[in-house]
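The figures here come from the full heavy-atom set of this structure, side chains too, leaving out hydrogens, waters and symmetry mates. These numbers come from a predicted model, not from an experiment. Heads up: numbering here begins at 1 and tracks the sequence.
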Amino acid sequence: MKRRTFLSIVIILSVAASVSAQSAADAIMRKSYDLQQPVTMQATMYMLLVDSGGSQSMRVLSSYTRKAADGTDSYIVFQSPPDVKGTKFLSLATRGGDDVQRIWLPELRRVRRIAGGSKGDRFVGSDLTYYDMSTHHLSDAAYAMHGEETLQAVQNGAKNEVPCWVIDSVPVNPEVPYGKARLWVGKQDSFIYRSTIWDHAGNEMKSIYILEVRTQQGVIVPIRTGVVTTGGHKTLLQMNDLVLNRPVDPALFTVANLER
């Protein structure tokens, strides 16, 4: 009788601890999703692609975003090199969370819609996917505490040790191209400094590192980002000429603009 009672207590305490850990993870992620976002953002972005053999290619693009009722709308146009110049990408946030995405391919002279089954495809040859370019919501995943770890990052020009909560995020929609993500969330600022992503079979796919951030007008902006795949391919992103909260022409965020 005593053994059975003790076992029951252990089970109850274990369940309570699990619920508490899940609640803590939810609260941490809620703070992260509640971070201040700019009304608009404009920037020139440099995208360096490095293959597993070390060969490099640089792409330059202009990026525009605006806060929308259901997330963030974004418009990107590639300026160079010649093989991708004129490629345009539009992503419009929707209430259901599945952003409407279209891409203009100059060599085909037409707009192609990115279907749900293609959200896991690489974005214009980079190690980001169309899903990475979408708006994500707190309710998109279930969260659980995994531990704590300290990372290094440049914050406002200074290299710092960044204590993080480590949280596992599992998408609730089985059609999402990722099976799980592990997130490193800054304890002091709730910003996500690293993500490691697995596929549905449990194979690690890639890690996304935020190497440098800058706080501007109350917004934490990732200035330098690295994406490293398990196959050895890398994408390095740097944001220059950053402008926040300046009016952006609404016509940019239209299909008609893609076809110009």
When you compare the side chains of [X] and [Y], does any donor N or O come within less than 3.5 Å of an acceptor on the partner?
X: Lys119; Y: Tyr178; value: no
X: Glu259; Y: Trp104; value: no
X: Asp127; Y: Thr235; value: yes
X: Gln238; Y: Asn240; value: yes
X: Asn245; Y: Gln217; value: yes
X: Asp70; Y: Thr94; value: no
X: Ser62; Y: Gln79; value: yes

Open item on the list: Parallel, tilted or perpendicular, judged at 30° and 60°: which one describes the rings of Tyr130 and Phe89?
Closed with: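 Tilted.
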Would you say the side-chain atoms of [X] pair up with the backbone N or O of [Y], donor to acceptor, closer than 3.5 Å?
X: His146; Y: Trp165; answer: no
X: Ser32; Y: Ser190; answer: yes
X: Tyr143; Y: Leu138; answer: yes
X: His136; Y: Tyr131; answer: yes
X: Thr129; Y: Asp132; answer: yes
X: Asn173; Y: Glu175; answer: yes
X: Lys88; Y: Arg260; answer: yes
X: Thr72; Y: Ala68; answer: no
X: Asp51; Y: Gly54; answer: yes
X: Asp140; Y: His137; answer: yes

Task: Residues Arg66, Asp249: salt bridge by 4.0 Å N-O rule - done: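 No, this pair does not count.
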- [ ] Could you tell me whether Glu148 and Lys187 have a side-chain N and a carboxylate O separated by less than 4.0 Å?
- [x]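 Judged by the 4.0 Å cut-off on N to carboxylate O distance, Glu148 and Lys187 do form a salt bridge.
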Are [Y] and [X] linked, directly or through intermediate hydrophobic residues, by side-chain heavy-atom contacts shorter than 4.5 Å (ILVMFWY only)?
X: Val185; Y: Tyr193; answer: no
X: Phe191; Y: Tyr33; answer: no
X: Val219; Y: Val243; answer: no
X: Val84; Y: Leu49; answer: yes
X: Phe78; Y: Met133; answer: yes

Could you tell me which non-hydrogen atom of [X] sits nearest to which non-hydrogen atom of [Y], and how far apart they are?
X: Ala43; Y: Leu242; answer: CB-CD1, 4.2 Å
X: Ser207; Y: Thr196; answer: OG-OG1, 2.8 Å
X: Pro106; Y: Thr87; answer: CD-OG1, 3.6 Å
X: Val227; Y: Leu128; answer: CG2-CD2, 3.9 Å
X: Ile192; Y: Ser195; answer: CG2-OG, 3.7 Å
X: Val213; Y: Pro222; answer: CG1-CA, 4.2 Å

Determine whether [X] and [Y] make a side-chain contact, defined as any pair of heavy atoms from C-beta on separated by less than 4.5 Å.
X: Arg182; Y: Val166; result: yes
X: Gln152; Y: Lys159; result: yes
X: Arg113; Y: Val100; result: yes
X: Met29; Y: Ile167; result: yes

- [ ] Go through Met239 and Val221 one step at a time and tell me if the side chain to side chain contact (heavy atoms under 4.5 Å, CB included) criterion holds.
- [x] CA-CA 9 Å; Met239 191 178 295; Val221 182; 3.7 Å; yes
Task: Heavy-atom neighbours of Arg122 CZ exceed 12 at 6.0 Å - done: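 Counting other residues, nucleotides and ligands, CZ of Arg122 exceeds 12 neighbours.
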Open item on the list: Using the ring pair (Phe, Tyr, Trp, His ring centres under 6.0 Å) criterion, which residues pair with Phe253? Sequence neighbours excluded.
Closed with: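 Checked Phe253 against ring pair (Phe, Tyr, Trp, His ring centres under 6.0 Å); zero matches.
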Open item on the list: Using the rule given for side chain to side chain contact (heavy atoms under 4.5 Å, CB included), can you reason through Ser126 versus Met47, listing the C-alpha separation, both sets of side-chain angles and the distance that settles it, and then say yes or no?
Closed with: CA-CA 8 Å; Ser126 74; Met47 176 187 286; 3.8 Å; yes
Output the distance between atom [atom1] ([X]) and atom [atom2] ([Y]), rounded to the nearest 0.5 Å.
X: Tyr209; Y: Lys234; atom1: OH; atom2: NZ; value: 9.5 Å
X: Arg194; Y: Thr225; atom1: CZ; atom2: OG1; value: 14.0 Å
X: Ile103; Y: Ser91; atom1: CD1; atom2: OG; value: 11.0 Å
X: Ile223; Y: Gln155; atom1: CD1; atom2: CD; value: 12.5 Å
X: Tyr75; Y: Leu252; atom1: OH; atom2: CG; value: 6.0 Å
X: Leu92; Y: Thr254; atom1: CG; atom2: OG1; value: 9.0 Å

- [ ] For Gln42 and Val248, run side chain to side chain contact (heavy atoms under 4.5 Å, CB included): C-alpha distance rounded to whole Å, both residues' side-chain angles, the deciding distance at 0.1 Å, then the answer.
- [x] CA-CA 8 Å; Gln42 305 172 53; Val248 174; 3.5 Å; yes
Task: Pair Thr40-Thr65, side chain to side chain contact (heavy atoms under 4.5 Å, CB included): steps then yes or no - done: CA-CA 5 Å; Thr40 66; Thr65 68; 5.9 Å; no
